[in-house]
Amino acid sequence: MEKGLISVDRWDEQSQAYFLTHLHADHTQGLSHRWKRGPLFCSPITSRLFPARFPGFNLSLIRVLEIGSPHLIYLVSPSSGSEIAVRVTAIDAVHCPGAVMYLFCGEFGSMLYTGDFRWEANSDKAHIGKSQICSVLQGNELDFLYLDNTYCNPLFSFPPRDVVAQQVVDIIASHPDYDIIIGLDTLGKEELLLHISCALKTKIWVWPERLQTMHLLELSDVFTTNTALTRVRAVPRYCLTIKNLEGLNSVHPTIGIVPSGLPWVRPVEGKDSSVGSDISVCCTSKRSRKSRVAVDVSQVVAPKFPKLLHQRLYSVPYSDHSCFSELQEFIKFVKPAKMRGIVSSSVCYVNPSYYFRDLCEDSQYHQQVDQSSESVEVIQSESFSGCNKSNVARGRKSSDKVSGLGVRKRRVSISRRERIGARIAEMDSTS
DNA sequence: GCGATCAGGT
DNA sequence: CACACCTGATCGC
């Protein structure tokens, strides 16, 4: 596809149409109430939540795409001035309420941008999404896939969300005399709370802004801001600290639960604090990635059980991103000719082609990926120089200089999720 | 003063 | 190790 036409989850470029996958803050960075660059496409649920997140936003620029229904938009080729028809279909990404993938089709071919997504094996919603993709592609192959590669590493393996939700219920039920606090973000994991509410026949306390969100999601009857009505409370994740937990325990016995796809804490030296049998391992080494023998799987046990981070704080592997095996299954299903990851961050960035190129249909592509065996390292240095450049340009204090050790704190600088979103232009790129 | 961006934290 | 989000410092306007 030609440059200058479409941007997904990116707002800093000149495009003719903008697409928002979901309302997590890291995907809306750069979007503000003064927006006037062009039409902003999103899902029905996102459009319902949108005004509360962006008060004063010119809502006439919002275009709502019904899930699963192809929608035709017309753009103008910047080079030739001719009209370009693009058929776009929003598909439920099952990441958080309103989160969607976008499937674009046109003369340029087909392109699927997953955004953040979790499609569990045998999930009904994933099954519906798959049928919608099939119905749009009509037997044609997918030319390009932009993939949520957050957990694109065989180390990342966790159970389906419903299994983990039951683990949480079991933890709560086995602490009948305790208050429970669960750390949550501003959006997402509602299904977990509903499961708890239903299984334990209890309402759940949420903070006022979260209740407003629940109201917009038409879930308000399960939730309350009255602490007297329940012992189960959802709090902003940043509030669920060990210090706060200890404070609460000086008043009433309380346990904390952090649902996250990231229970990847190194085991404490000499002992494993897991509730079940659980060993967590960090990133694979550069060497192992380069040699394409990803990891010594025999040394890894996925965290399939709740983990005790502290005497009163549990971590459960409840993830809204697909784990490695789900990504693998997804790619086998869509059979893209080419692909690239949408999350390019730091040390753990994995070019999905590195593991999945054999599942791609384009045989020349296999050779290109082979030839760029250094791609993981290349991407890392690009991220690093980009980050540093902006610091230098703005004359900010750099942590390198502050350290006074002459040693660059490289890992600090690049350990963030630096680039989300895409300006749809380079479908031929191999990286 | 305000919003945007960044570092550093959980 | 990283998700999504916080606070606080600093920048330009």
Side-chain angles (χ1 to χ4, degrees), chain A residues 9 11-12 21-35 53-56 95-96 99 115-118 148-156 158 183-189 207 209-210 213 234-245 256 258-267 279-286 289 295 300 302-303 307 309-310 313 315-323 341-350 380 383 386-403 409-418 420:
Chain A
D9 290 349
W11 325 104
D12 55 338
T21 60
H22 65 289
L23 271 175
H24 279 154
D26 52 333
H27 289 253
T28 59
Q29 252 171 35
L31 202 54
S32 85
H33 67 279
R34 284 193 297 277
W35 175 261
R53 305 282 168 135
F54 294 96
H95 171 68
C96 68
D116 291 348
F117 80 104
R118 176 116 199 236
D148 173 12
N149 54 316
T150 304
Y151 293 129
C152 188
N153 185 312
L155 282 174
F156 292 116
F158 25 74
L184 285 192
D185 294 321
T186 55
L187 187 63
K189 302 190 166 60
W207 64 102
E209 294 82 358
R210 205 49 159 103
T213 302
V235 301
R237 190 164 54 173
Y238 66 91
C239 294
L240 184 39
T241 61
I242 287 171
K243 199 178 166 190
N244 283 345
L245 206 47
V258 190
S260 167
L262 296 162
W264 307 99
V265 181
R266 284 174 199 278
I279 302 166
S280 304
V281 180
C282 291
C283 256
T284 161
S285 72
K286 276 188 184 177
R289 277 193 293 213
V295 282
V300 177
K307 187 179 182 74
L309 295 178
H310 172 264
L313 182 59
S315 169
V316 292
Y318 190 101
S319 171
D320 287 325
H321 294 269
S322 297
C323 68
I342 62 175
V343 180
S344 66
S345 88
S346 75
V347 199
C348 246
Y349 174 81
V350 177
Q380 283 180 14
S383 300
C387 182
N388 235 13
K389 220 183 289 170
S390 70
N391 274 345
V392 171
R394 296 179 144 268
R396 292 246 165 71
K397 278 196 294 184
S398 147
S399 54
D400 321 348
K401 293 171 191 163
V402 172
S403 75
K409 288 186 176 175
R410 175 178 166 140
R411 291 171 78 85
V412 173
S413 299
I414 65 178
S415 67
R416 285 164 197 288
R417 192 163 168 165
E418 282 165 7
I420 282 173

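Worth knowing before you read on, the calculation uses all heavy atoms, side chains too, and leaves out hydrogens, waters and symmetry mates. Sequence lines set the chain letters: A, B, ... in the order given, protein chains first and strands last, and positions in each chain run from 1.
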Asks: Looking only at side-chain atoms of A:R237, point me to the closest of B:dT10, B:dA4, C:dA4.
Replies: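 The answer is C:dA4.
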
Asks: Report the nucleotide, chosen from C:dC3, B:dG3, C:dC5, that has the shortest atom-to-atom distance to any side-chain atom of A:T186.
Replies: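 Selected nucleotide: C:dC5.
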
Asks: Does a side-chain N or O from A:S260 land closer than 4.0 Å to OP1 or OP2 of C:dC3, or not?
Replies: no

Asks: Among C:dA4, C:dC3, B:dG3, which nucleotide sits nearest the side chain of A:H95?
Replies: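 Closest nucleotide to the A:H95 side chain: C:dA4.
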
Asks: Keeping A:N149 on the side-chain end and A:I342 on the backbone end, is there a donor-acceptor pair under 3.5 Å?
Replies: yes

Asks: Rounding to a whole Å, what distance do you find between A:L240:CG and B:dG9:C1'?
Replies: 15 Å

Asks: Nearest-Å distance, CG (A:L187) to P (C:dA4)?
Replies: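 Rounding to the nearest Å, CG of A:L187 and P of C:dA4 are 11 Å apart.
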
Asks: Give the minimum heavy-atom separation between A:L240 and A:G183, together with the two atoms involved.
Replies: CD2-N, 3.3 Å

Asks: Within the distance-only criterion (no hydrogens, no angle test), does the side chain of A:D148 pair as donor or acceptor with the backbone N or O of A:F117 below 3.5 angstrom?
Replies: yes

Asks: Looking at A:S315 and A:K307, would you say the former's side chain and the latter's main chain have a donor-acceptor pair under 3.5 Å?
Replies: no

Asks: For C:dA4, take OP1 and OP2 only and decide whether either is under 4.0 Å from a side-chain N or O of A:H321.
Replies: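 It does, given that an N or O in the side chain of A:H321 lies less than 4.0 Å from OP1 or OP2 of C:dA4.
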
Asks: May I have the distance from A:L155 (atom CG) to C:dC1 (atom P), rounded to whole angstrom?
Replies: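 Answer to the nearest Å: 13 Å.
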
Asks: Which of these nucleotides, C:dC3, B:dT10, B:dA4, is closest to any side-chain atom of A:S32?
Replies: B:dA4

Asks: Using whole Å, report how far CH2 of A:W35 lies from P of B:dA4.
Replies: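 Answer to the nearest Å: 13 Å.
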
Asks: Return the nearest nucleotide to the side chain of A:H24; candidates are C:dC5, B:dA4, C:dC6.
Replies: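 Of the options given, the side chain of A:H24 lies nearest C:dC5.
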
Asks: Can you tell me the distance, in whole Å, between the CD1 atom of A:I342 and the P atom of C:dA4?
Replies: 10 Å

Asks: Between A:Q29 (CD) and B:dG3 (P), how many Å, whole number?
Replies: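 To the nearest whole Å, that distance equals 17 Å.
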
Asks: Separation of A:K243 atom NZ from B:dT10 atom P, in whole Å?
Replies: 11 Å

Asks: Using whole Å, what does the distance between atom P of nucleotide C:dA2 and atom CG of A:D148 come to?
Replies: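 That distance rounds to 14 Å.
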
Asks: Please find out if less than 6.0 Å separates the ring center of A:Y318 from that of A:F158.
Replies: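 Centroid separation for A:Y318 and A:F158: 6.0 Å or greater.
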
